[in-house]
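Taking it in order: structure first as structure tokens, then the write-up.
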Amino acid sequence: MKYLITFFSFAAVLFMAACQQQPSHPHSTAVPAKDSSVQNDIKPAESGYADVNGLKMYYEVYGSGKPLVLLHGSFMNIPMNWAKAIPVLAKDRKVIVAEMQGHGRTKDTDRKMSYESMADDVSALLKHLKADSADVLGYSMGGGIAFQFAVRHPEQLRRLVILSGTYAHNGWWPDVEASFAGMNAEMFKGSPIEKQYDSLGNDPARFPDYIKKVLSIDVQPYDWTKEVKNIKAPIFMAIGDADGVRYEHALELFRAKGGGKMGDMHGLPQSRLAILPGTTHIGMMVNTDLWIPMVKNFLDGDLNAPPPMF
């Protein structure tokens with residue numbers, strides 16, 4: 001039970017500290033930002049709200065180059081999830097970050113929350129930004145959204161990166177999956193997540209409803225195994241060796257995408273798998289120095305290159 005209470009609160013503390021965040025003044029139109037939602041030494045080139053599927057979705061754009069979309073985890077927002085990653089990735093990429101339905105500055109609506117609908121929101125955001133296609137990276141809940149984006153909008157996807165995400169409810173270790181039904185707003189009382197929710201003009205009395213609604217997407221069973229295995233885009237899936245995602249879950253997808261063979265004999269698959277040492281689920285967002293070089297190599301590399309030889 002202690003794990004349940006501290007899981008997301010600890011993640012929020014880490015990233016609020018990492019942000020060194022200035023007071024946020026979100027923009028109503030796409031204009032150059034005057035202050036940063038991430039760190040005070042990097043500022044978005046553009047920020048604002050996009051009208052997508054009945055939402056006013058808040059987004060920020062950093063850097064220039066090939067577009068890379070970052071999708072955050074449950075209860076998170078842009079600075080909480082991506083404060084350490086954006087400054088590095090935006091050096092040679094156009095990094096697009098958004099806050100999903102009900103998260104951060106994207107106000108909730110009466111619409112049911114689902115991975116499918118949030119994937120459609122990402123698709124609409126890319127059209128709003130006039131981006132024909134993009135690489136997509138999702139963490140945790142964002143990984144589920146990224147999987148659904150790949151399934152539902154393959155024409156907009158170039159390469160897919162999943163960090164600590166699942167494509168079926170049993171992709172989590174059994175105790176982790178069982179924990180979702182036991183989480184409630186009382187566990188987040190006084191946490192940075194509750195404080196963030198209150199600070200953005202939300203009704204504090206509706207905080208329990210917010211927690212319940214976000215958790216609803218994982219309480220109900222889901223299984224996209226067949227559809228995900230048929231994704232044509234190359235996939236890089238990374239989990240921690242002490243993550244909440246089962247090793248077998250990641251391995252099953254990697255094998256379906258051409259893994260499970262000796263590359264020196266059969267060639268390298270276009271998709272990749274990494275199990276990061278000393279890394280927990282929350283640690284995935286802390287240990288950016290481990291996975292960012294791998295992600296950059298995957299996104300920028302020649303996936304048809306022959307294996308190294310003597």
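- With Gln101 contributing its side chain and Arg111 its backbone, the two residues share a donor-acceptor pair below 3.5 Å.
- The backbone N or O of Val97 lies less than 3.5 Å from no partner atom in the side chain of Glu60, so there is not a single donor-acceptor pair.
- Under 3.5 Å, the side chains of Asn53 and Asp121 contain a donor-acceptor pair of N or O atoms.
- Aromatic ring centroids of Phe75 and Phe188 lie under 6.0 Å apart.
- Between the side chain of Trp291 and the backbone N or O of Met284, at least one donor-acceptor pair lies under 3.5 Å.
- Salt bridge status for Lys229 with Glu252: present, with a side-chain N to carboxylate O gap under 4.0 Å.
- A salt bridge links Lys213 with Asp108: the distance from a Lys NZ or Arg NE/NH1/NH2 to an Asp or Glu carboxylate oxygen falls below 4.0 Å.
- Both Phe149 and Met113 are part of a single hydrophobic cluster, where members link through side-chain heavy atoms under 4.5 Å apart.
- Thr106 contributes a side-chain N or O that, together with a main-chain N or O of Glu99, makes up a donor-acceptor pair within less than 3.5 Å.
- A donor-acceptor contact closer than 3.5 angstrom links the side chains of Asn77 and Gln196.
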Practice item. Step by step, work out the side-chain contact (heavy atoms from CB on, under 4.5 Å) result for Ile145 and Val122. Key: CA-CA 9 Å; Ile145 298 170; Val122 176; 4.1 Å; yes

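- Aromatic pair Tyr62/Trp82: ring centres not closer than 6.0 Å.
- Between Asp135 and Arg159 no salt bridge is recorded (no basic side-chain N to carboxylate O distance below 4.0 Å).
- Ion pair Asp92/Lys296 flagged as a salt bridge, since at least one NZ, NE, NH1 or NH2 atom sits closer than 4.0 Å to an Asp/Glu carboxylate oxygen.
- Checked by atom type and distance alone, the side chain of Lys257 pairs as donor or acceptor with a backbone atom of Ile231 at under 3.5 Å.
- Ionic pairing of Arg93 and Asp300 is present here: one or more N-O contacts between side-chain nitrogen and carboxylate oxygen are shorter than 4.0 angstrom.
- Contact check for Ile42 versus Ile86: side-chain heavy atoms found under the 4.5 Å cut-off.
- The aromatic rings of His103 and His72 sit tilted relative to each other, their planes meeting at an angle between 30° and 60°.
- Trp173 places a side-chain N or O within 3.5 Å of a backbone atom of Asp243 that can act as its donor or acceptor partner.
- Ser117 contributes a side-chain N or O that, together with a main-chain N or O of Ser114, makes up a donor-acceptor pair within less than 3.5 Å.
- In this structure the side chain of Leu137 never reaches within 4.5 angstrom of the side chain of Leu71, judged on heavy atoms.
- Side-chain heavy atoms closer than 4.5 Å link hydrophobic residues (I, L, V, M, F, W, Y) into clusters, and following such links, even through other members, never connects Leu251 to Leu268.
- For His281 and Tyr139, the distance between ring centers is under 6.0 angstrom.
- Ring geometry, Phe147 versus Tyr167: the interplanar angle exceeds 60°, so the pair is classed perpendicular (tilted spans 30 to 60°).
- In this structure, Asp241 contributes its side chain and Ile275 its backbone to no donor-acceptor pair below 3.5 Å.
- With hydrogens and angles ignored, the 3.5 Å screen pairs no side-chain donor or acceptor of Asn202 with any backbone N or O of Phe207.
- Looking at Gln156 and Ser123, their side chains do bring a donor and an acceptor atom within 3.5 Å of each other.
- Classification of Lys84 and Asp289 as a salt-bridged pair fails, no side-chain N sitting under 4.0 Å from a carboxylate O.
- Between Phe236 and Phe298, the two ring planes are tilted [angle within 30° to 60°].
- In this model, a donor atom of one side chain and an acceptor atom of the other lie less than 3.5 Å apart for Gln270 and Asn304.
- Counting only heavy atoms from C-beta outward, the side chains of Tyr49 and Tyr59 never approach each other to under 4.5 Å.
- At least one donor-acceptor pair closer than 3.5 Å links the side chain of Thr279 to the backbone N or O of Pro277.
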